[in-house]
There are 2 protein chains.
Amino acid sequence: MAERPGPQGGHGLLYLTDEQLRKGIEAMFFAYRGFTAAPDRILDEQDYGRAHHRALHFIQRSPGTTVGNLLDILGVTKQSLNRVLRRLMEDGLVEARVGREDRRERHLHLTEKGVALERALSEAQRDRMRAAYRAAGPQAVQGFRQVLEAMMDPEMRRQFDGDAKAGGR
Amino acid sequence: MAERPGPQGGHGLLYLTDEQLRKGIEAMFFAYRGFTAAPDRILDEQDYGRAHHRALHFIQRSPGTTVGNLLDILGVTKQSLNRVLRRLMEDGLVEARVGREDRRERHLHLTEKGVALERALSEAQRDRMRAAYRAAGPQAVQGFRQVLEAMMDPEMRRQFDGDAKAGGR
DNA sequence: CAAGATACGTCAGCCTTGTTGACACTCCAA
DNA sequence: TTGGAGTGTCAACAAGGCTGACGTATCTTG
């Protein structure tokens with residue numbers, strides 16, 4: 001990163017010029033593309049899209065989560081999510097179990113097949129991220145995470161921080 | 001994958017557990033949402049979408065850029081881009097001037113009106129980013145940028161690094 | 001100059017994934 | 001037992017990706 005006097009250069013960042021911010025904006029744009037490229041390729045082969053990936057990811061993360069729960073996390077309408085879930089269930093990747101406490105709820109789980117695909121997807125993405133982390137170094141990763149966290153909506157930040165295993169059931 | 005003590009811990013990062021990487025992946029997801037939320041609201045009011053924003057952004061960044069150039073950067077098909085550009089030109093936000101050297105080319109420029117919208121959009125986004133930068137601190141910003149850059153496709157990284165004012169080709 | 005290559009625009013049609021509207025099932029409380 | 005709240009589903013539509021096929025200027029080259 002032998003650019004300019006370095007954003008680190010001692011002053012620089014206190015000003016945060018529009019140009020520096022613009023660079024940051026573009027960095028997010030290009031990086032996000034790189035970040036999704038690998039899983040996108042896999043998804044494409046199986047005629048799935050990013051929406052399916054997101055669903056698989058968050059079900060994997062919190063097995064037994066409900067549809068409503070997923071809606072909150074993903075921030076889409078239930079109709080939109082439903083289409084994706086239906087397909088995943090038809091294809092035998094996801095299973096919906098009627099809630100025992102509250103029979104209105106559907107608790108979502110990955111099947112073996114679902115686990116396999118999710119695994120392939122996340123592995124591709126982790127590889128990419130691992131490579132980026134390695135290239136940038138631990139120090140940088142720390143900062144990366146801090147800025148990302150600060151950029152989230154407060155509500156999402158709670159989702160993100162407090163996760164652990166909120167799945168529930 | 002038992003939870004490690006703290007991703008924040010100071011060491012830890014040399015291991016890069018799957019769990020840490022998963023967290024990074026989710027952080028990208030949530031942060032990108034936050035990152036696009038503000039401009040999305042503005043765009044919505046005027047019945048534009050993210051596609052229009054991207055076009056405006058990159059025309060602003062390199063005034064006089066050609067259609068083909070934009071295609072490379074955005075990574076979409078010309079039919080798709082054309083739909084967006086046509087609308088922006090109809091609405092008087094973007095102007096296409098026939099190339100002087102090569103009259104086949106169309107050089108794109110923002111009109112006053114286009115500049116105004118682009119400004120509003122990027123200001124909203126810069127505000128967000130500035131806030132995140134401030135919250136995280138200069139050290140973190142440095143790392144943030146390093147990781148993002150490492151995450152891009154090499155090709156995009158060239159776009160990103162070598163910019164300055166690459167305008168024409 | 002004729003022929004091919006390039007840059008751009010456009011028509012037609014498809015797909016994914018967002019949206020709203022309407023509705024059905026389940027639970028709970030009055 | 002009935003109405004409201006929570007949840008899930010179906011139908012229909014829109015934005016914005018995509019491919020394929022052409023048309024039209026405009027270079028460029030044999």
Side-chain angles (χ1 to χ4, degrees), chain A residues 29 32-33 36-37 39-59 64-91 94-108 168-169, chain B residues 29 32-33 36-37 39-41 43-56 59 64-91 94-109 168-169:
Chain A
F29 173 68
Y32 198 76
R33 273 236 301 257
T36 52
D40 279 357
R41 271 190 296 273
I42 297 176
L43 289 160
D44 225 55
E45 287 163 22
Q46 334 229 343
D47 276 310
Y48 291 120
R50 253 179 233 180
H52 302 89
H53 184 185
R54 290 196 286 267
L56 290 173
H57 174 100
F58 284 105
I59 295 173
T65 192
T66 62
V67 174
N69 224 316
L70 218 45
L71 287 175
D72 287 345
I73 293 175
L74 296 176
V76 298
T77 59
K78 59 182 174 174
Q79 293 84 341
S80 185
L81 175 59
N82 188 251
R83 192 188 314 119
V84 168
L85 284 181
R86 204 187 317 157
R87 167 95 194 276
L88 290 174
M89 292 193 280
E90 276 169 11
D91 293 358
V94 168
E95 212 179 30
R97 303 182 194 151
V98 173
R100 270 195 310 215
E101 307 269 297
D102 186 334
R103 297 170 43 83
R104 289 173 301 183
E105 295 179 341
R106 299 289 179 276
H107 296 273
L108 302 169
R169 121 39 150 123
Chain B
F29 173 69
Y32 198 76
R33 271 238 300 261
T36 52
D40 280 355
R41 271 190 295 276
L43 289 160
D44 224 57
E45 288 164 20
Q46 334 228 346
D47 275 309
Y48 290 120
R50 254 179 231 180
H52 302 88
H53 184 183
R54 289 195 287 267
L56 290 174
I59 295 172
T65 192
T66 64
V67 173
N69 225 318
L70 217 44
L71 287 176
D72 287 344
I73 293 175
L74 295 177
V76 297
T77 58
K78 61 178 175 177
Q79 294 86 337
S80 188
L81 176 59
N82 188 251
R83 195 190 309 124
V84 168
L85 282 181
R86 202 188 317 163
R87 167 93 193 277
L88 289 174
M89 291 193 281
E90 277 168 10
D91 294 0
V94 168
E95 211 179 33
R97 303 183 194 148
V98 173
R100 266 188 318 205
E101 308 269 297
D102 186 335
R103 297 170 43 83
R104 289 173 302 182
E105 294 180 339
R106 298 290 178 273
H107 297 272
L108 302 170
H109 298 266
R169 144 5 183 125

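Residues A:Tyr48 and B:Leu71 both approach DNA chain C. Their nearest nucleotides, taken by heavy-atom distance, put B:Leu71 toward the 5′ side. Looking at which nucleotide of DNA chain D each of A:Met89 and B:Ala51 is closest to, the 5′-most match is held by A:Met89.
Here the side chains of B:Tyr48 and B:Asp91 are in contact, with some heavy-atom distance below 4.5 Å.
Side-chain proximity of A:Asn82 to the nucleotides D:dC27, C:dA12, D:dT9 is greatest for D:dT9. Closest to the side chain of A:Glu105, out of C:dT20, C:dG9, D:dG8, is D:dG8.
At a threshold of 4.0 angstrom between heavy atoms, the contacts of A:Arg83 include nucleobase atoms, whether or not backbone atoms are also involved. Counting non-hydrogen atoms under 4.0 angstrom, A:Gly99 reaches nothing in the nucleic acid. Contacts of B:Arg54 with the nucleic acid, taken as non-hydrogen atoms under 4.0 Å apart, involve only primed sugar atoms and P, OP1 or OP2. The residue B:Arg86 sits close only to the backbone: its heavy atoms come under 4.0 Å of sugar-phosphate atoms, none of a base.
Judged by atom type and distance alone, A:Arg103 does not reach the base of C:dT26 through any side-chain donor-acceptor pair under 3.5 Å. Taking only distance into account, the side chain of B:Gln79 meets the base of D:dG20 through a donor-acceptor pair shorter than 3.5 Å.
One can place NZ of B:Lys78 at 13 Å from P of C:dT6, the figure rounded to the nearest angstrom.
Distances shorter than 4.0 Å separate none of the side-chain N or O atoms of B:His52 from OP1 or OP2 on D:dA15. Within the structure, a side-chain polar atom (N or O) of B:Thr77 is placed less than 4.0 Å from OP1 or OP2 of D:dC18.
Using a cutoff of 4.0 Å between basic side-chain nitrogens and carboxylate oxygens, A:Arg103 and A:Glu105 are not scored as salt-bridged.
With B:Ser80 contributing its side chain and B:Val76 its backbone, the two residues share no donor-acceptor pair below 3.5 Å.
Summarising the geometry of A:Ala55 relative to A:Leu88, their closest heavy-atom pair is CB-CD1, 4.0 Å, with the distance given to 0.1 Å.
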